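Here the structure comes first, spelled out in structure tokens, and everything after it is commentary.
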Amino acid sequence: MTDSKYFTTTKKGEIFELKAELNSDKKEKKKEAVKKVIASMTVGKDVSALFPDVVNCMQTDNLELKKLVYLYLMNYAKSQPDMAIMAVNTFVKDCEDPNPLIRALAVRTMGCIRVDKITEYLCEPLRKCLKDEDPYVRKTAAVCVAKLHDINAQLVEDQGFLDTLKDLISDSNPMVVANAVAALSEIAESHPNSNLLDLNPQSINKLLTALNECTEWGQIFILDCLANYTPRDDRESQSICERVTPRLSHANSAVVLSAVKVLMKFMEMLPKDLDYYGTLLKKLAPPLVTLLSAEPELQYVALRNINLIVQKRPEILKHEMKVFFVKYNDPIYVKLEKLDIMIRLASQANIAQVLAELKEYATEVDVDFVRKAVRAIGRCAIKVEQSAERCVSTLLDLIQTKVNYVVQEAIVVIKDIFRKYPNKYESVIATLCENLDSLDEPEARAAMIWIVGEYAERIDNADELLESFLEGFHDESTQVQLQLLTAIVKLFLKKPTETQELVQQVLSLATQDSDNPDLRDRGYIYWRLLSTDPVAAKEVVLAEKPLISEETDLIEPTLLEELICHIGTLASVYHKPPSAFVEGSRGVMHKRLPARTGSGEGTESPDVGNAAGGSAAEAAPSIIPSQGDLLGDLLNLDLAPPTTTGPPPPTSGMQMGGMDLLGGGLDSLMDESEPLGGDIGGSPAMGSGFGAAPAVMPASLNAPVGGGLGDLFDFGGGVGMPMGAYIPPKTVWLPAMKAKGLEISGTFARRAGVIQMELVLTNKAMSVMTDFAIQFNRNSFGLAPAGPLQVLTPLGPNQTIEVSLPLSTVGPVMKMDPLNNLQVAVKNNIDVFYFSCQYPISMLFVEDGKMERQVFLATWKDIPNDNESQFQIQDCHLNSDAASNKLQGSNIFTIAKRTVEGQDMLYMSIKLSNGIWVLAELKVQAGNPNYTISLKCRAPEVSQCVFQCYEAVLKN
């Protein structure tokens, strides 16, 4: 008879009967009783009253009975800690039992009982079991160390268990090695800076030897551990790859993905011209293809991982397009994922095949799938130029089907095709206009309105078409309203006489009758532009638009690198780093791929584009510019002596590079693909942008503060007079040997609100140098020379001259890595020389960066907690007042100070030249040279640079 009988009883007075049976002399009766107790416990009955009686049953040689009692103990020890101590003696005795299964069972159970009082008694038995002669006991004890560390980390460290665990990595039994690695990895995750897994070539060799003999889950632990190792050179990297490659043919898909992760990481270090590199690429394809013959759920996980691999190294699967063709019985989530990968792999060689498939998919019954298939046709047109014509004709065929959602998707992608190939396919506009009445989705309506506005001069009745949309203006979505406003302004600029009434109507609808701040702001900007300077309006609204990039949904390169290091985990399925979804992920280590050694190439694959949404011009900048680059334009500089000298012209807030009119803050830094006439949103009042200014500008610090949280800011200790701004020491930026005898060193300073680049030019050549000029590449904050480089006298041999170059922040913007990197070109009569340097971001801290206290409080609460970064400043021996004075000299303003339990808390605000606000909390404790600083900002990318400034200012 099965054990199900134990779950069927519902007698009253059962506890009393069970008590009697548990104390019976007959072993069989005892066992039956314990089974009944476990059954009751499983269905949720409270049988904790039987604790002493069940514990008495521990004294038995019967392994099955012992397991059941241990199960009961694990469940009730937490609620009955005092009673649980009764079982300790039996545990200790069982740890010395001649049967290794009982020894292992005892140590496993002790690790699962999370009661502080018991952990002290656990140490001695655990120490013996870690050195047990039986490998089964040792492997169980290794996992127990990780469990004990979770309960009481200090105890584990004091007892030296971590060192014993490290020794187990050299154990002769592969399962013990695997469990030791798993335990150390788990402990290391909760203590990212502890460097527990101190991997070196010797320990790696031991792990690789154990890899061949472990169980599949043991292999996964070892492979994950290998993935955290950085080889010394490409030879060691190749050797590890060779020994890991056999795991690709394993039956367990988790082992395969872990092996792929190790190989993807170590391939970074192999030179691309190496024969083995090509061999490895070929070996990686078959196991990935095999994963796609599993059940749908596994296929989905495999496809999400393949999506990352294809973005990093499309060449691995470029010949395997057919396996990603959709099967009729695939679930929708697999279909959509396959479609994504097909587009990533589309190239001139296979585009005909892909288009035929996509056209087929567009006639399916699944609406979501059909929509994505139509979008995919458009993406193919943008990605493979040679196929654009075929794609457009395919889309026109689909529009003729008159299926509503197909037509709408087709119009959305045709808009993108127009952006990519201007003046090429506009002949299809007539066909699009025929379907105007059937459009009911905001995105399709917005796309059609954009097409009508953009090509108004080619559409005879453009004004009637746009007027038809205007009738229900207030019922439209924001996206459509914004697009309609821009389209009618474009139409007015192209046909002013016929559309004056129409433009007045839309401007009054947008500004006077609308509650949407984005729409109002854009309406006012157009109104002001049209009324003050129609010529400027034309230049802004009808400006030539940059071509859109091929791949707009690629994962940003640094995130992609991190996700490649997490292949085979949830992060690779979500396409998010673990820190984004693991609760309480304190100190999560951000993993990165190693830098390539063997060759001078970058780590990017040949076909992989740049960051999401960026145009080709915004790929990671190289220091040596290509022809036609911004720096290359230096060659065309007019080298005549400057006609005027003096300070740079004042930069007004209306200039494009200053505070973004529309509260864009760092948005402008992230994405330049839209000119002002494009989809600009956000209002200064709402603070919608990354670094939007607070609604109330900072006033004096003495403004009265209301009750509630505001009272947190009581002023203990005044703030003295600020010291001067910190100026970093001069460093050599361009050595003479790289610049034909010209040596350039320098630093940056901020004086009276003007940023200065202070240069020292030394001529170490034999000839005279004249005709100096300077130019900057696009950079994160729009730094640009505010005037010419004034070297008024020729620079003779062995002569040195100091020059101060005023800078403005209204130059072109492009996000750099690191954020404060600046690429410079200097020209003289001999040649053009390029170098890069890093400016301290404190140069961009403006003088009106002092926030009002209430605004500070509201802004601190408003910024999401995910945007908060914490740092340590070590070996700083200033008190809080001295620190505050020193920081104020660099425009880091103390809003308030309070003292909590002997610790001073300084609340500070900083405003950058592009309008981004950074809020800080600095903790200073008397006698402790280590400060803690928390930074909050709507653009968290800035935080690291701001922390470096704090460190530099306070320590110098």
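Heavy-atom basis, side chains included; hydrogens, waters and symmetry copies ignored. In this text, all values refer to a predicted model and were calculated from it rather than measured experimentally.
Val374 has its side chain within reach of Leu395: a pair of non-hydrogen atoms, C-beta onward, lies under 4.5 Å apart. Side-chain contact between Leu208 and Val244 is present, with at least one heavy-atom pair separated by less than 4.5 Å. Side-chain contact check for Arg243 versus Ile240: every heavy-atom pair is 4.5 Å or farther apart. Here the side chains of Ile187 and Asp150 are not in contact, with every heavy-atom distance at 4.5 Å or above. Looking at Val181 and Leu184, their side chains never come closer than 4.5 Å, going by heavy atoms from C-beta outward.
In this structure, Glu364 places its CD atom where more than 12 heavy-atom neighbours from other residues, nucleotides or ligands lie under 6.0 Å away. Within a 6.0 Å sphere centred on CD of Glu216, heavy atoms belonging to other residues, nucleotides or ligands number more than 12. Sparse packing is recorded around CD of Glu360, with 12 or fewer heavy atoms of other residues, nucleotides or ligands lying under 6.0 Å away. Within a 6.0 Å radius of CZ in Phe266, other residues, nucleotides and ligands contribute more than 12 heavy atoms. The environment of CG in Asn329 is crowded: more than 12 heavy-atom neighbours from other residues, nucleotides or ligands sit within 6.0 Å.
Using modelled atom types, one finds no donor on one side chain facing an acceptor on the other under 3.5 Å when comparing Gln238 with Asp234. Under 3.5 Å, the side chains of Tyr405 and Glu409 contain no donor-acceptor pair of N or O atoms. Judged purely by distance below 3.5 Å, without hydrogens or angles, the side chains of Gln299 and Glu295 never pair a donor atom with an acceptor atom. Of the N and O atoms on the side chains of Ser387 and Glu389, not one donor lies less than 3.5 Å from an acceptor on the other residue.
With Phe369 as the aromatic partner, Lys335 meets the cation-pi criteria of under 6.0 angstrom to the ring centre and within 45 degrees of the ring axis. Tyr421 carries Lys424 over the face of its six-membered ring, with the cationic atom under 6.0 Å from the centre and within 45° of the normal.
A donor-acceptor pair under 3.5 Å is absent between the side-chain atoms of Asn435 and the main chain of Lys402, judged by distance alone.
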- Message: Checking Arg247 against Asn252 for the side chain to side chain donor-acceptor pair (under 3.5 Å) test, could you report, in this order, the C-alpha distance in whole Å, the side-chain angles of both residues, the deciding distance, and whether it holds?
- Response: CA-CA 9 Å; Arg247 299 299 111 214; Asn252 185 323; over 6 Å; no
- Message: Working note: Arg419 + Glu454, criterion salt bridge (Lys or Arg N to Asp or Glu O under 4.0 Å); need CA distance, chi angles, decisive distance, verdict.
- Response: CA-CA 10 Å; Arg419 284 286 307 272; Glu454 189 66 20; over 6 Å; no
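Classification of Asp366 and Arg371 as a salt-bridged pair fails, no side-chain N sitting under 4.0 Å from a carboxylate O. Ion pairing of Arg304 with Glu297 is absent here, as no side-chain N (NZ or NE/NH1/NH2) approaches a carboxylate O to less than 4.0 Å. The pair Arg313-Glu268 meets the salt-bridge criterion, with a side-chain N (NZ, NE, NH1 or NH2) lying under 4.0 Å from an Asp/Glu carboxylate O. A salt bridge is absent between Arg445 and Asp440; no separation between the charged side-chain nitrogens and carboxylate oxygens falls under 4.0 Å. Ionic pairing of Asp416 and Arg379 is not present here: no N-O contact between side-chain nitrogen and carboxylate oxygen is shorter than 4.0 angstrom.
Taking each heavy atom of Met321 and Ala346 in turn, the nearest pair found is CE-N, 3.8 Å. Here the shortest heavy-atom pairing between His566 and Ser572 reads O-CB, 3.6 Å.
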